[in-house]
Structure formats: C-alpha cells, structure tokens
Amino acid sequence: MSMKRTPLPGVGVQYDVTTRSGRHLSVVVHQDGRRFLGFYAADDPDTCQASFRLDADEAASIAALIAPDPETPDLAMGELDLATERIPVAAKSPYRGRPLGDTRARTRTGASIVAVLRRTAPHPAPGPDFRLEAGDILVVVGTREGVEELAQIIAGG
C-alpha cells in the first residue's frame, strides 16, 4: 500500500491511497473539518467514480470499523446498543425554565441526560433540580429509540 499527502492551498490536504491490489481512493480533509472520500476506477486512476462527504463523526466511525481499537468494545458486533446524541432545548420547549427532573427522561424513555452544555459552562451529571434554559444542549445516552423519544419530548412533540 502507498499513501501520498498533497497540500491543497486554501482547501486542506488530500491523502491518496493505492492498495496492494492497485485500487485508488482519496480522502480530502478541508480546513473547516469537512471530509470527502473518493473512489477511483481501477483502469483509470485519475477518474473519480464516486465521492462521499463525511462529517467528523462519520469519519471516526468508519475509521473505527476499519482499524478498531482493541480497548473499545466492538459496536458492530452488538456488544453495546447505545446512542449518544445532543438534543437542543428550544425557546418553545415545554421544559424551558423547568427543572430537569420534570422531564422524567429515564423513567419515560430509558435514556439518561448525562450533561447539559450551556454557553457559560458545561454541567456534567446535572441533578433533577437543574433548571433548563433555551439554548441548552442536552447530552443524552440511551437506545436509539429512547434518545429519539426524548428528543421529541424535549421539543414538545
């Protein structure tokens, strides 16, 4: 396998990879953090057949699938079925100005609010008396279904 790094002035960096079997792909990392993954024809290494945009989380997930960390459980094998999401508290949320305990998040959805990110400071492990404000971001852990249900509850749906 070979890898070539090419600076792209004003854009970022392009990494071209040629596998042992002669396949060519590239990753372009933009200065603003965007990433694009491109696949090239085996018979024409200059023709991009497909290009996909990846956000930072998607890129990290793909990297973890390709080269898993032996210290981290293999999520693809179903060892953990957890989702972590950030849920905004909008000005129209029925929980704006109310204590966190009023959401009854864990009881209703099985999802846990593990932190609240506020412009002034993060609040890890907030208690039930912590008052939510518009603009807060809830860091939530639970099943995909539980997290989605909690997002609906916080939005007022």
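Since the structure is predicted, the reported quantities are computational estimates derived from the model, not experimental observations.
Of all heavy-atom pairs spanning P99 and P128, the tightest one is CB-O, 3.3 Å. Taking each heavy atom of P126 and L100 in turn, the nearest pair found is CG-CD2, 3.6 Å. R119 approaches A134 most closely through the heavy-atom pair NH2-O, 4.0 Å. Of all heavy-atom pairs between R106 and S112, the closest is NE-OG, 3.3 Å.
Among T103, V139, L132, the single residue meeting the side chain to side chain contact (heavy atoms under 4.5 Å, CB included) criterion with I113 is T103.
The number of heavy atoms from other shown groups lying within 6.0 Å of CZ (R104) does not exceed 12. Atom CZ of R96 has 12 or fewer neighbouring heavy atoms from other residues, nucleotides or ligands inside a 6.0 Å radius.
Hydrophobic cluster membership is shared by Y15 and L37, with clusters built from Ile, Leu, Val, Met, Phe, Trp and Tyr side chains linked at under 4.5 angstrom. In the hydrophobic clustering of this structure, V114 does not group with V140; members are Ile, Leu, Val, Met, Phe, Trp, Tyr whose side-chain heavy atoms approach within less than 4.5 Å, directly or through other members. Linking ILVMFWY side-chain heavy atoms closer than 4.5 Å, directly or via other members, places F130 and L150 in a single hydrophobic cluster. Taking hydrophobic clusters as Ile, Leu, Val, Met, Phe, Trp and Tyr residues chained together by side-chain heavy-atom distances below 4.5 Å, V29 does not share a cluster with L8.
Contact of the L117 side chain with the R86 side chain is registered, since non-hydrogen atoms from C-beta on lie closer than 4.5 Å. Two residues are said to be in side-chain contact when any heavy atoms from C-beta on lie closer than 4.5 Å; E85 and E148 fail this criterion.
In summary, the aromatic rings of H24 and F39 are positioned with their centroids too far apart to meet the 6.0 Å limit.
A salt bridge does not link K4 with D16: every distance from a Lys NZ or Arg NE/NH1/NH2 to an Asp or Glu carboxylate oxygen is 4.0 Å or more. Remark: R118 engages E133 in a salt bridge, criterion side-chain N to carboxylate O under 4.0 Å.
Under the 3.5 Å distance criterion, the side-chain polar atoms of S93 are left unmatched by any main-chain donor or acceptor of V89.
A donor-acceptor contact under 3.5 angstrom links the side chains of Y40 and S26, judged on distance only.
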